[in-house]
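Residue numbering restarts at 1 for every chain, and letters A, B, ... go by the order of the sequence lines.
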Amino acid sequence: MMAPEAPPPRVRDPYRFWRAALLGYAGIFFLFLYLPLIVIVVLSFNDSDATGFPMRGLTLKWYTRVLTTPDMLAAFANSASVGAVAAILSTGLALLLGLGFRHELRGKSAVLNLIIMPILLPGIVGGIVLLVFFGYLGLRSELWTTVLVAHVNYVLPFAFLTLYPRLHRFDRSLEEAAMDLGARPWAIFRHIVWPLVRPGVIATAMFAFTLSFDEFIRTVFVTGYERTIPVLFWLLIVDEIAPHLPAMAVVIILVSTAVSLAAFLIGRRADRSA
Amino acid sequence: MPADKAKNAVAVAIHRVSKRFGSVAALDDVSFDIMRGEFFSLLGPSGCGKTTLLRSIGGFEAPTAGDIQIDGQSVLHLAPYARPTNMIFQHLALFPHMNVRDNVAFGLRMKRTDAATTARRVEEALALVRLEGYGDRGIDQISGGQKQRVAMARALVNDPAVLLLDEPLGALDLQLRLQMQVELRRLQRQLGATFVFVTHDQGEAMAMSDRIAVMNSGRIQQIGTPAEIYERPVNRFVATFIGHANLIEGRVAEQRADGTALIDVEGLRVAGTAQALAAPGASMLAVMRYEKLQIEAGGNASVAGTGTSTLATVSEKTYMGAALRFVCRPGVGPTLTVDAPNTEAGRAICEGDSVRVSWAASEINLLAE
């Protein structure tokens with residue numbers, strides 16, 4: 001008969017201090033990241049004509065104002081429609097580029113760099129370049145000419161970078177199998193490639209939409225009388241610290257987050273099924 | 001298969017085909033014919049050009065020189081979708097967004113076959129590969145073996161003049177692989193179809209093929225039935241790539257009238273069958289397959305000088321289940337490895353024992369080097 005065993009000695013965690021320190025650092029990190037956001041959300045309900053603390057009671061009137069003022073609604077409509085068209089155009093171009101880039105091409109890496117470069121260009125420089133360019137062309141600053149072109153120009157490299165890895169992963173032998181079974185190039189795209197890349201394309205288009213929806217610095221140079229949301233927002237800040245600014249900020253955040261989240265979910269589903 | 005497709009006719013003619021990638025020749029002036037109704041294998045190590053050749057027949061690679069004809073017509077100018085071939089891809093390449101039925105129907109739909117005919121032929125094809133009732137399954141809802149069958153049905157439903165198979169069994173585990181080998185052979189016989197099968201697995205090629213082309217470095221090394229290639233390899237590469245053999249270099253000591261020759265290897269005399277006459281003193285390579293050598297305990301050198309046996313000492317013994325492998329050191333000459341069947345007499349032989357290793361001259365090939 002063996003003697004009952006004593007419980008094994010406890011092992012003291014030698015990194016306990018550092019674990020606690022890391023946790024503290026992470027806490028501070030998230031506080032800096034999200035505290036301003038929380039403040040904005042709280043202020044958007046503040047029943048006071050001056051933006052900022054102290055709180056003078058809760059109200060929804062700023063939201064009512066944001067969602068009923070004609071200026072606001074027009075700006076929302078402008079941003080949403082330009083965003084949608086810019087998303088479709090840039091994603092369509094990115095899709096064509098990506099499909100082409102799967103083949104061996106001469107000077108492929110040079111072309112790739114040219115496509116990516118606008119990302120490195122500071123926004124304010126990009127805006128000035130566009131302004132000068134449109135000036136030479138004699139184009140009037142309008143939503144569906146200058147602003148749309150500026151947005152497609154800005155969004156395209158991001159759309160390409162989002163979509164290309166998905167297209168690159170696409171199994172070429174599926175296309176070969178389809179061709180072997182009698183499918184010509186267009187039929188291969190329609191029946192094989194498109195159904196399989198569609199979720200990735202939709203996710204890319206939604207991501208492109210959020211980029212266009214939030215774009216400010218280039219837009220402000222080439223915008224005309226039809227304002228987008230960020231431009232209107234900026235004018236409101238410059239003219240007056242309007243009391244409904246926090247509510248407006250919250251609405252913008254909600255739209256952007258909702259679209260980004262949807263894009264993320266669709267993209268994740270696409271990656272799982274790929 | 002239409003009845004007018006007579007046997008003994010050439011299905012695929014490869015005529016002086018070369019394929020260069022830059023300075024590398026993947027195929028180097030390759031010529032041969034594949035007959036109708038034949039199960040023809042392209043066998044070789046990876047990089048030997050077998051897949052390039054298969055893809056050239058299917059239209060996925062364009063040869064740099066030469067011609068490929070199917071049923072007497074050159075197909076080089078035809079895109080894959082216009083060729084009378086179908087291919088089973090290495091990783092099958094089943095369409096993941098379609099169910100089994102739509103995968104199989106794809107080829108017929110691309111050729112605008114009417115819906116009733118398509119439906120009937122798809123069911124026939126599924127029956128052929130024993131997948132009745134699986135039409136509505138998704139591709140991710142069936143097993144690896146079933147995927148193989150879907151890939152076969154998807155190709156065969158189009159009634160191709162030639163079916164190309166690019167190592168489709170490579171990803172399967174051994175049991176399933178053997179099962180699918182039998183299945184493929186059954187299908188090929190039943191349909192009387194021409195199969196061109198690429199593999200690097202010599203056992204697979206042996207078990208399934210009517211004829212095998214052994215390839216290396218973009219060239220055909222030997223074409224023949226499995227028995228011809230195994231029993232009469234024409235060069236060192238074929239002798240080593242297929243089966244296990246003692247390769248022993250020696251000089252011709254005596255050329256006999258019956259076609260056999262005696263060579264001298266570091267004092268050991270080996271009698272074998274030469275495929276061509278060789279002058280005394282010429283260098284030759286003896287191919288002595290492990291299992292063509294016999295081993296017996298003890299023994300005396302009573303037939304010394306005939307070149308069909310030698311006394312030796314066992315230096316290593318390996319138990320391999322079906323066979324026993326002995327590494328033997330003769331008194332003179334190189335080490336000989338012997339595979340003996342797993343019998344009581346064989347198991348009794350131990351390392352260090354004196355043995356007699358013997359062979360028949362007709363089973364030993366002598367190759368001019």
Side-chain angles (χ1 to χ4, degrees), chain A residues 91 95 98-109 162-206 263 265-274, chain B residues 21-22 51 54-55 57-61 78-99 102-113 118 122 125 138-140 147 150-160 162-168 171:
Chain A
T91 307
L95 178 62
L99 290 174
F101 262 68
R102 297 183 312 155
H103 298 275
E104 280 310 314
L105 304 165
R106 234 160 31 121
K108 184 165 149 177
S109 60
T162 313
L163 196 53
Y164 184 55
R166 290 206 170 94
L167 296 174
H168 199 72
R169 275 204 307 267
F170 191 89
D171 184 0
R172 291 303 294 270
S173 72
L174 293 180
E175 287 164 87
E176 289 189 343
M179 194 185 286
D180 185 66
L181 293 166
R184 283 153 195 271
W186 172 246
I188 295 171
F189 180 78
R190 216 184 96 196
H191 297 293
I192 307 298
V193 179
W194 175 246
L196 290 170
V197 302
R198 186 173 48 207
V201 171
I202 292 172
T204 303
M206 294 177 91
L265 292 176
I266 291 171
R268 199 175 57 168
R269 211 182 52 190
D271 287 343
R272 270 212 214 107
S273 64
Chain B
F21 294 105
T51 298
L54 191 81
R55 289 173 59 83
I57 300 173
F60 298 104
E61 303 280 356
L78 296 176
Y81 52 75
R83 291 198 187 193
T85 55
N86 281 115
M87 182 134 149
I88 296 182
F89 289 79
Q90 192 167 13
H91 302 292
L92 304 182
L94 298 176
F95 305 133
H97 58 300
M98 297 181 191
N99 63 20
D102 290 339
N103 263 280
V104 177
F106 190 83
L108 296 175
R109 287 185 184 146
M110 286 301 115
K111 289 181 196 81
R112 308 200 178 286
T113 312
T118 301
V122 167
I139 293 304
D140 53 358
K147 284 180 189 169
V150 174
M152 284 182 219
R154 186 177 72 171
L156 290 171
V157 75
N158 305 293
D159 195 13
V162 182
L163 184 70
L164 310 170
L165 302 101
D166 186 8
E167 300 204 38

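- Between B:Arg109 and B:Asp102, at least one side-chain N (NZ, or NE/NH1/NH2) sits under 4.0 Å from a carboxylate O, which counts as a salt bridge.
- Side chains of B:Phe60 and B:Thr51 form no contact here, defined as non-hydrogen atoms less than 4.5 Å apart.
- One finds the CG atom of B:Asn99 at 11.5 Å from the CG atom of B:Leu94 (value rounded to the nearest 0.5 Å).
- Looking at B:Arg112, neither its backbone nor its side chain comes within 4.5 Å of chain A, counting heavy atoms on both sides.
- Residue contact with chain B, scored on non-hydrogen atoms closer than 4.5 Å, involves the side chain of A:Ala187 exclusively.
- Only the side chain of B:Asn158 has a heavy atom closer than 4.5 Å to any heavy atom of chain A.
- We find the NZ-CG distance between B:Lys111 and A:Leu181 to be 6.5 Å, quoted to the nearest 0.5 Å.
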